[in-house]
Structure formats: structure tokens, C-alpha cells
Undergrad: 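Okay, here's the structure, questions in a sec.
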Amino acid sequence: MTSTASQRALDYLEQLPGTTFTKLYQQPSTALAIFRRMLPHLAKTLVMAILYMPTPLSVSDLETWVKPDHESLQARDRALSILQRLRILFDTHDAAGRAAYKLSDAFARSLRLALTGGGNHRSFGVPCSTPDKTPVSIDYLDTFARKQWEAILYYVVGSASAGLGAEVDISAGTKQLLQKGEFVAMRGRTAHITQAGFTFLLQEINAQIWTLLIVYLEVSSSLQMDPVDVLSFLFTLGSLELGISYSTSNLTPTQQQMLEDLADFGLVYRRTSDDAADRYYPTRLATTLTSDAPALPNASLTSTATGMTTGGAGGASAPQNEKGYIIVETNYRLYAYTSSPLPISILSLFATLHTRYPNLITAKITKSSIHAAITAGITSDQIITYLTTHAHPILRRQQPVLPPTVVDQIRLWQIEGERMTAWRGYLIRDVGSAEEYEKAVAYAEALGVLRKEFKAKGSFFVTRMDQMSGYFKAQAVRKREAIAQREAEARGGGGGAGRK
Amino acid sequence: MNAVDATDRGAVQQDVEPPSLLTIILDTNPHAWALLADSLPLSKVVANLLVFINAHVAINHANRVAVIASHSERAEWLYPTPTQPRQQHDQANGATHDGDGERADVHPPNDANKYRPFAQLEHALVTNLRRLMTTTTAPSLSTSPATLLAGALTRALAYISKQTAALPTATTSTQFNYSDPSSSTAAGGNDLNTDPTKAHTTLGLTSRILVVSVSGDLADKYIEIMNAIFACQRLSIPIDVLKLAGDPVFLQQAADTTGGIYMHLATPQARAGFLQYLMFAYLPDQTARENLIMPAGEGEGVDFRAACFCHKRIVDVGFVCSICLSIFCEPLADGTCLLCGSHLSMGNYGRNPAVVPKRKKGKGKKRALDSGADTPAGSGGEGTPAPG
């Protein structure tokens, strides 16, 4: 779901060096987008609380603010962890010398600018001052975006099963990008879908866009394109308004170059004729980049939010990606209200197709069909997520959405084949006293990095180490201070009392 | 390995926070603001409020906001800008987002330095506020020194229930046409159907009301305000109150009853930190409040006094009709309740209470009975009539 999309972007951002972050946060639109898109809810609240505070927020104040129950503490640790990973929050000391948190200066300044407006950063896009001679409607933009994006999907799917032609051909650059991202692998002259390709296909559309864009980012940095330029333009795109033309005048050369590629993906629309070359229209794919609600026209603050209603009635070219159309019954039968070859071919990856009617196909999920999918590299979770994301409104009325028997059986079919899962990670042992061990395990669990605990051996296994090592360092410092204090007390026992 | 059990089936869904609707009621009573002009002028409050609103909108893409001015003689929408007949037409057409965007018939200047939704919101709000101020006439001011909070609360409640109804029922109420599902959903016009995360009824809109209050003396509209408060309590909509001036009688009750936050910025120093108060205490929505310890109103210090129904006086001890529970500040002349018309008798009110001689072995039970006879509510003569 959306979390996978933001998780992917988060993973990418995290490995950027600190200076890149400082440069990124110079743009208010970037600060706003990262704030809105990447942070968990409590972290947002925290940032907003500190934003206009003149002094750092001391750690003890934060501790009194958050409820002491387990869930809240866990949410707090996770929020702090992500804030620090994104270089938004820093440890510091307040006037009294206590440990405290403060926001990154660049981030705070930009976010404040975003909230109040002003400055001269022009990061929210420069709208064209002159009206377009041939204005472009939102319907047209939606159709364009869908056509372009589906062409990419067709290319990936088409490499799985031949005979699926796309309406438009995708450019050589995009094809190369898909190979770089290892969504398809070239064998001879024909492209073959890979495991990553299946993962890509089964994601919901917003996650797909981010997945592709991150590949784009990785490739672009090898092409001497500044990742800061690329990223801040992406975040700017997310803050633009649908149906308005923007001027290319303030874009850097890198960003000009990006426009071409993004038009290939269907994120922006621009005409190539001379008189309109200096304006571009963001499509819905772009304007929903930084929203939590993917491809949903709920930009309720913009006056153009109703475009999708008409787009939905387009029959075969209806945006099947954005509407639930699958019904799964407890007897493993599957009905999909679609006539478009793209979803049908995706369904055929893990279900046995049965009958095809003008607007409906029936299929059945069987052991062999699931096994075939698993051999191709699709996981049961992907199948389940896909079915859930695209479940018909009728199914959505019930909770859980999919019949539990089917969900469990799909998982069981997968487990039959695999008896072992491998995780890359770190084994932590010799933590110290039992109490310290418990604390460390609880912290790891709160961060969500704990995989397995071997209580008897006093060791545990985590997937990420950077946060844990920070934790142990802090623990060690605290311990040393405590010892030093005890020693000081022991040395001057009488003196201590006298001071009081 | 142990992943297959019933427990982790629905766990994936809970990642997305429900959108939150913040309805701000800004008390624009000119009399009260005139008194505050030195320490915190209205213009500064509006500027700070705008930052606060932007922060709220920034937190979640689907977050919405509405601002109502509770003026001296009327309650007025500041945002979204109400438009008249056209809007109904839109709704009939199936436009679900009746809220913010379409109502705004005013367009701000294009500014590349400001996030467009923020700019639109700010422009609409300031324009409407200015219009409200210019249409306020001197005679209308002189007639009423108070503010129409009851009207504003009612408007807020109506708006909230409309927005809430538009969101979660989108999936349940749409009629499904088996023969052609794509046309059915398109004709129903509910774009919300398309979003898997919104479809959960558990993920409906969470709403709250923030009252920025400067005037005291709300006793005129006691009944209306209390009704609005109880409606909020039922719908579990917290009413947060930020009091800048005036006496706090009913609003404190409002916050206490609905589980909202009540704060009184009494000193100029406290008022100077208006924005920080907003950002720290009032910005967290219900989802965040589950994890945070919110500034509690002074639990025991809540003023629970009521206003009488006959003279709108605030009373410590009053007379309550045993049938309809109306409150009166003095005994009724002919013993007939002004509201429900029931005939009531006063029992032994006014007489000196019979002093029961203190007994050594008198236990608590006995004493309770005795004291019960002394209160006017236990009007001995009639007993409680059966309803209907």
C-alpha cells in the first residue's frame, strides 16, 4: 500500500549523505513534501510542536508529553528514529545542559516558509502568466497519463506473455530504465519479466511510480545529474495543481532534461510545438506523488478535484488500476469486472482463467496457479495485497476484505515450498545484565528492527544496526555517568549531605 | 513460518491515519477585540491562525478545514466560501468534494513562493473576513454586545455531519449495478470508491472543533449552546477552547464534556505565545492524542454552573422542574413550569428545615435520608409522575 511506496523512498533518501539533505531542505516544497509524505503521524505532531519553539525541546519534556503506555512509547521511538534518519531532528543540549532535541535549521526554516509563504524560492512552481492558446482539459491529462503509464505496464507484462500490444510504444530511454531497474531482463532480443518486475506490477499505482522514479534517480546520478535537482523537482511536481500550466523558465538544465523523461512516464504533459514549449502541465500521476491518497482526486483544496468522474466511464480504457473490480469468493472463485487486457494478464499470473464475458472474466485460484506464480517469483503477500487493493466495493464492505480461508490458503501454498527465510542482519550478544538486555530488546522491537530473540542465550537478531549502536553508545555513556556519580558520592559522603 | 494465523490478517491496513476535519470558530465580536487591541489584535490572531491552519492541512493531504466567524449578530462562513444555488447543482451532479475547492469562487494571485492550497485558503479567508467587517454596521453593533456562538456551533455541527456523511458511506450507499459496474460507480460519482484506504468505515473522517473565544456573557443562548455541546458529545467531536478573554462558564463545560482541551490565556505574556499554544496543544488530532498527554483542563476547577431558563442568569443553586429538567433561578409564581406547563408544588421550600436532634448512634444511612428531605428537588407532595 502507500506505506511500501514511502518506505521505498525513505530507504533511498536515507542513504544520501548529510550535505545532500541540507541542500534538499533549502527548498520549502521539498521540506513540505517530506514532512507530509515520509513522517509517521506522531513525528509530524512533534515537528510542528517544535517548529516555532525558540529553545530546544528537552528529552525529559518529551517524555512527559508522551503517554507512558507501551504503544505510545513505541510510536515515539519510531517517530524519533525516522526523524533522525532523515536528518530532521538532532540531539543537542538546552540551556540547562540537559539532553534535548532540535530541528535541522534548514528544514525548520523551509517548513516555516512553506507554512507562511514568502521568500523568493519559487519552489512551488511558476504558473504561466499567459493563458494557453489551446487549453488542455483535465480529462485529456488523465487520459494521457493513463495511456503513458499503461504503456509501461504493458511493456513489462508483455514481456511475460506475448501478444499484448500496447497502444503507444514507450521510448528507448524508458525501456533502458526498466532494464536498469531489473524489472525486465533482456534475453536475446526479447524482454523477459523478472521477479522485481512482478513485484512492480502488483503494486498500486503510486508505489509503482515511486519505484520507477527511484530507479530513475539512481540512474540519473550516474549520468552526472545532480540528485538534489532531480529530487527537489519531483517534490515540486507533487505540490503543483492539476490542470494548470506551469512555466519552464525557472528550471535548471537538469530539470529541463527531466521534463522529457517525465513526459515519457506520463507525469507531465507538454507539447513539442514551438509556441508551447515553455509550458508544461503536471498530470494526476505527478500531483499525487506526495499525497497519502494515491491517484485519488481528493485534492480537496484545489478547485479542480472532480476530473476523474468522467474518466471512469470510458469503458475499456477505464482506469482499472484505480478502481476495485475483483470479487473473490470463499470457494476460490474470482470474478473480475474488466475488459482491459492489462488487468486480465496480471490476473492470469496467479489465477486460472475460466470464462470471458464482454465485461467480466471468471477465474479460479488453484494450487497449481499459485505455485506457478511462486515459481515465477511472485510472493503470496504480493498476490494478497493486489487482490485487496483492487477488491470490488462489495468486498470492501466486509472486514476482512478478502475471505480469510483464501488468504490463509494462498499463504500456506507458498509455505509448502519454502521452509527457510534468510535475513541479512546483526546478532547482538553479551548485552549485560538481564534488565539491560530486556531494555535493549524492547528498544529494538520499538524500532521495528527486531527479527528474533534468543532469550536463553541472551542474544538477539536485528536487521539494522545504526540505530542500535547509537542506543548502546547512549547507554554506555549513561552507565559511566552513573558510576562516576556513585563514586563521587562514595568519596564525599559527608560532603554531599553538607551541601544540602 | 508462523505467519499463518488469524492475527495478522488485518494488520496491514492500519498504517494510514484517518483524515481529520478541523472546524475553527473564531469569535469576531468587535467589542471584545477592541478591549484586546493592545496585547493581541485580531489581525495578528488571524495571521497566526492561518499558520496553524496551514500546519493542519500540511499534516495530511486529506485533512480539511472550515472556519466560521461567530460575529456579534450572526455566524458567517469564512472558509470554505459559501456559494449559493450553483453548489446544489454540483452536488446533484455527483460532485463529492462539495467542500473547499468548488466553493471558492475567488482566486488568489499566482505566487510561485506559496503552496497553492495554502494561498487559496488564505485568500478566501481574508477576503471573507474583510467582507464581514465591512458589512458590519454601527447599529447592529450597538444592539448586541455578545457573540452568536450558538449559531456558529450549530453551523459547524451541520457542516461536520455533512462531511462525515459524504465520506464513509461512499462505499456502503452506492448501489451496485451487476451488469455494468464501471458505469454504476461512475454514475454514483463517488471517486472515493477508488481508494482502498478510504473505504474502511473505521477510517472515516475524525472531526474536532476549535473555539477561539474572546467574549464572555453567553448566558443568552444557554440552551442552544448546551444542546450543541451534547450533540458534540454524542458524536464524539471534541470541542477545544482557547479563551483569550472573558469569563469561561460554558465553554469550560463544553471542553470538559466533550473531552476537548480548555486553556485560558489570561496574561499578555501568555497571549504573546498564541501561535505556540496552537501548535503544541491544539494541533494534534485525535489520532495523535491517543499517544500524547494533552493539557487537561483543571479537572476539578470546571465551572459547572448553569444559566436559568427564565432570566438567563447564571445560578449556583436553582430550581429544577422535575418533569422537563428546566432550570429556574427563583420559585415559580403559580407553580407551573414555564416550559412544559406541568404543575409543580414546592414542598416545604423556604421553611426552616426540621432539625433532627443529633443522635449518638445515627448512621450514615439515616442521615442521608434526613438531608434528602431538605432539598427543594425532593418536593414531597406529588412524587414523580409517570411519563406520558
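Lettering follows sequence order; numbering is per chain, from 1. Remember, predicted model here, so these are calculated numbers, not experimental data.
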Undergrad: Please look at A:Phe35 and chain B and tell me whether the side chain, the backbone, both or neither of the residue comes under 4.5 angstrom of a heavy atom of that chain.
TA: side chain

Undergrad: If we define contacts as heavy-atom pairs under 4.5 Å, which of B:Asn54, B:Leu275, B:Leu292 has the most with chain A?
TA: B:Leu292

Undergrad: Give, for atom NZ of B:Lys114 and atom CG of B:Leu121, the distance between the pair rounded to the nearest 0.5 Å.
TA: 9.0 Å

Undergrad: Using non-hydrogen atoms and a 4.5 Å limit, figure out which bit of B:Leu50 sits close to chain A: side chain, backbone, both or neither.
TA: neither

Undergrad: Quick one: of B:Gly273, B:Pro284, B:Ala47, B:Ala55, who has the most non-hydrogen atom pairs under 4.5 Å with chain A?
TA: B:Ala55

Undergrad: Does any heavy atom of chain B fall under 4.5 Å from the side chain of A:Ser29, the backbone, both, or neither of them?
TA: neither

Undergrad: So A:Leu46 and A:Leu62, side chain to side chain contact (heavy atoms under 4.5 Å, CB included) or not? Walk me through it.
TA: CA-CA 9 Å; A:Leu46 205 67; A:Leu62 180 66; 3.3 Å; yes

Undergrad: Looking at A:Leu412, A:Val407, A:Val406, which hits side chain to side chain contact (heavy atoms under 4.5 Å, CB included) with A:Ile410?
TA: A:Val406

Undergrad: Go through A:Thr64, A:Leu39, A:Val66 and name the one with the most non-hydrogen pairs under 4.5 angstrom from chain B.
TA: A:Val66

Undergrad: Are A:Lys67 and B:Glu290 ion-paired here, with the side-chain N under 4.0 Å from a carboxylate O?
TA: no

Undergrad: If you measure from the Lys or Arg side-chain nitrogens to the Asp or Glu carboxylate oxygens, is any gap between B:Asp285 and A:Lys44 under 4.0 Å?
TA: no

Undergrad: Between B:Met279, B:Gln276, B:Glu122, which has the largest tally of heavy atom pairs under 4.5 Å with chain A?
TA: B:Gln276

Undergrad: Among the options A:Ile384, A:Thr236, A:Val126, A:Thr45, pick out the one with the most heavy-atom pairs lying under 4.5 Å from chain B.
TA: A:Thr45

Undergrad: Could you walk me through whether A:Asp69 and A:Ser72 pass the side-chain hydrogen bond (donor to acceptor under 3.5 Å, both in side chains) test, one step at a time?
TA: CA-CA 6 Å; A:Asp69 57 299; A:Ser72 305; 2.8 Å; yes

Undergrad: Could you tell me which portion of A:Tyr357 (side chain, backbone, both or neither) has an atom closer than 4.5 angstrom to a non-hydrogen atom of chain B?
TA: neither

Undergrad: Chain B: which of A:Pro40, A:Ala75, A:Gly117, A:Pro68 shares the most heavy-atom pairs with it under 4.5 Å?
TA: A:Gly117

Undergrad: Measure distances from A:Leu115 to the heavy atoms of chain B and classify the residue's part below 4.5 Å as side chain, backbone, both or neither.
TA: both

Undergrad: Do B:Phe52 and B:His56 have their ring centres less than 6.0 Å from each other?
TA: no

